[in-house]
Number of protein chains: 2
Amino acid sequence: MKIGELAKKAKCTVETIRYYEKVGLLPASSRDNINNYRLYNKSHLERLTFVRHCRALAMSHEEILVLLQARNQPAQKCDSIDQLIDDHLQHVTVRIKELQKLEAQLLKLRLQCQTPTDSQHCGILQDLEQAIEDNSTDKNFSHVAGSH
Amino acid sequence: MKIGELAKKAKCTVETIRYYEKVGLLPASSRDNINNYRLYNKSHLERLTFVRHCRALAMSHEEILVLLQARNQPAQKCDSIDQLIDDHLQHVTVRIKELQKLEAQLLKLRLQCQTPTDSQHCGILQDLEQAIEDNSTDKNFSHVAGSH
DNA sequence: TAAACACCCTGAAGCGGCTTCAGGGTCAAG
DNA sequence: CTTGACCCTGAAGCCGCTTCAGGGTGTTTA
């Protein structure tokens with residue numbers, strides 16, 4: 001199958017597939033001799049699907065590469081896989097807590113200006129000029145992405 | 001004061017300050033005639049502190065610029081400020097929910113391999129090859145960053 | 001007085017995980 | 001024979017910095 005069909009089946013864009021090939025998450029496919037189009041088979045789709053599932057779980061490319069390698073060495077013990085998932089889970093949990101702190105701070109901030117007035121007296125701006133309790137959010141970032 | 005002192009007072013790096021100047025979050029400072037070092041005063045510190053507080057709340061530069069502008073127009077109504085905070089809060093809340101879904105999926109995944117075996121039979125790898133219920137995480141990303 | 005060291009400067013590149021753009025070739029349908 | 005859908009490549013853009021390369025300045029100490 002051609003790249004467009006693969007993209008549809010894996011629910012991603014063709015650009016993403018070409019990008020994955022470039023960075024080594026997918027092996028280079030064979031090519032049509034005549035027009036140089038990339039040609040894929042079922043095993044490409046399986047690998048790509050695997051990668052997309054990992055990405056949906058917010059794993060980094062590095063983590064995914066480890067899993068892909070493990071997948072190719074069936075006899076190996078899977079302790080390292082368990083560890084990787086545990087570590088990643090930890091990242092996500094940490095990030096959730098960070099964002100919850102942030103949410104609480106923003107809620108508090110928002111309450112500073114319940115009744116709209118002019119900027120000069122807006123409690124929100126005044127608060128943003130004050131110190132915020134040290135919470136170390138955004139410092140030792142875990143690897144799971146944020147809110148924008 | 002020189003840039004190093006400002007950085008210390010604002011709890012950020014000198015590189016960050018130079019970067020903020022470049023992208024317009026801080027105005028260009030005056031310079032020492034002799035050695036071209038940047039020279040700052042209290043108002044720079046206040047503005048930088050404001051920016052750092054906003055960043056600690058995971059606001060984007062764009063959002064911060066809006067707030068800085070409002071801060072400079074004291075007579076203006078502050079509805080737009082309230083709206084901005086509300087919107088941002090919404091981003092954060094959405095992102096938390098996304099990450100919580102993810103956390104649940106990862107926990108479930110982790111349970112697939114309670115007793116370590118070989119990769120070939122590892123429930124985690126098997127699960128990652130199956131479809132995962134469509135949750136649309138990672139698609140319409142809000143702007144608040146993730147876990148890595 | 002000279003060397004060591006802390007601090008300052010600039011401009012460019014790197015990070016991750018793509019997306020977008022510019023500029024082109026291929027192929028089937030009407 | 002042209003339209004439009006699809007394919008190709010390589011480079012740049014996104015965000016918010018951080019790091020690097022290559023240099024100048026300023027104080028302290030041997």
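In the text below, chain A, chain B and the rest are named by the order of the sequence lines, each starting its count at 1.
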Check the pair Y19(A), L25(A) against side chain to side chain contact (heavy atoms under 4.5 Å, CB included), reporting the backbone distance first and the verdict last.
CA-CA 9 Å; Y19(A) 170 72; L25(A) 282 179; 6.0 Å; no

Return no unless some side-chain N or O of T13(A) is found under 4.0 Å from OP1 or OP2 of dC18(C).
no

If you compare every side-chain N and O of N35(A) against the phosphate oxygens of dC27(C) (OP1, OP2), does one of them come in below 4.0 Å?
yes

Please walk me through it: do K101(B) and E98(B) pass salt bridge (charged side-chain N to carboxylate O under 4.0 Å, His left out)?
CA-CA 5 Å; K101(B) 265 193 197 169; E98(B) 287 172 357; over 6 Å; no

In whole angstrom, what separates E15(B)'s CD from dA21(D)'s C1'?
14 Å

How many whole angstroms separate atom CZ of R31(A) from atom P of dG25(C)?
17 Å

Nearest-angstrom distance from the residue atom CG of L39(A) to P of dC27(C):
12 Å

Specify the separation, in whole Å, of atom NE2 of H61(A) and atom P of dC15(C).
14 Å

Please state whether the phosphate of dC17(D), meaning OP1 or OP2, lies under 4.0 angstrom from any side-chain nitrogen or oxygen of R18(B).
no

Hey, does the side chain of T16(B) come within less than 4.0 Å of dT18(D)'s phosphate (OP1/OP2), counting only N and O?
yes

Expressed in angstrom and rounded to an integer, what is the separation of I64(A) atom CD1 from dC18(C) atom P?
8 Å

Please give, in whole Å, the distance from dG17(C) P to Y20(A) OH?
9 Å

E21(A) CD to dT9(D) P, in whole Å, measures 7 Å

Using a distance-only criterion (donor-acceptor N/O pair, under 3.5 Å, no hydrogens), is the base of dG24(D) paired with the side chain of Y37(B)?
yes

Any side-chain N or O of R52(B) below 4.0 angstrom from OP1/OP2 of dC17(D)?
yes

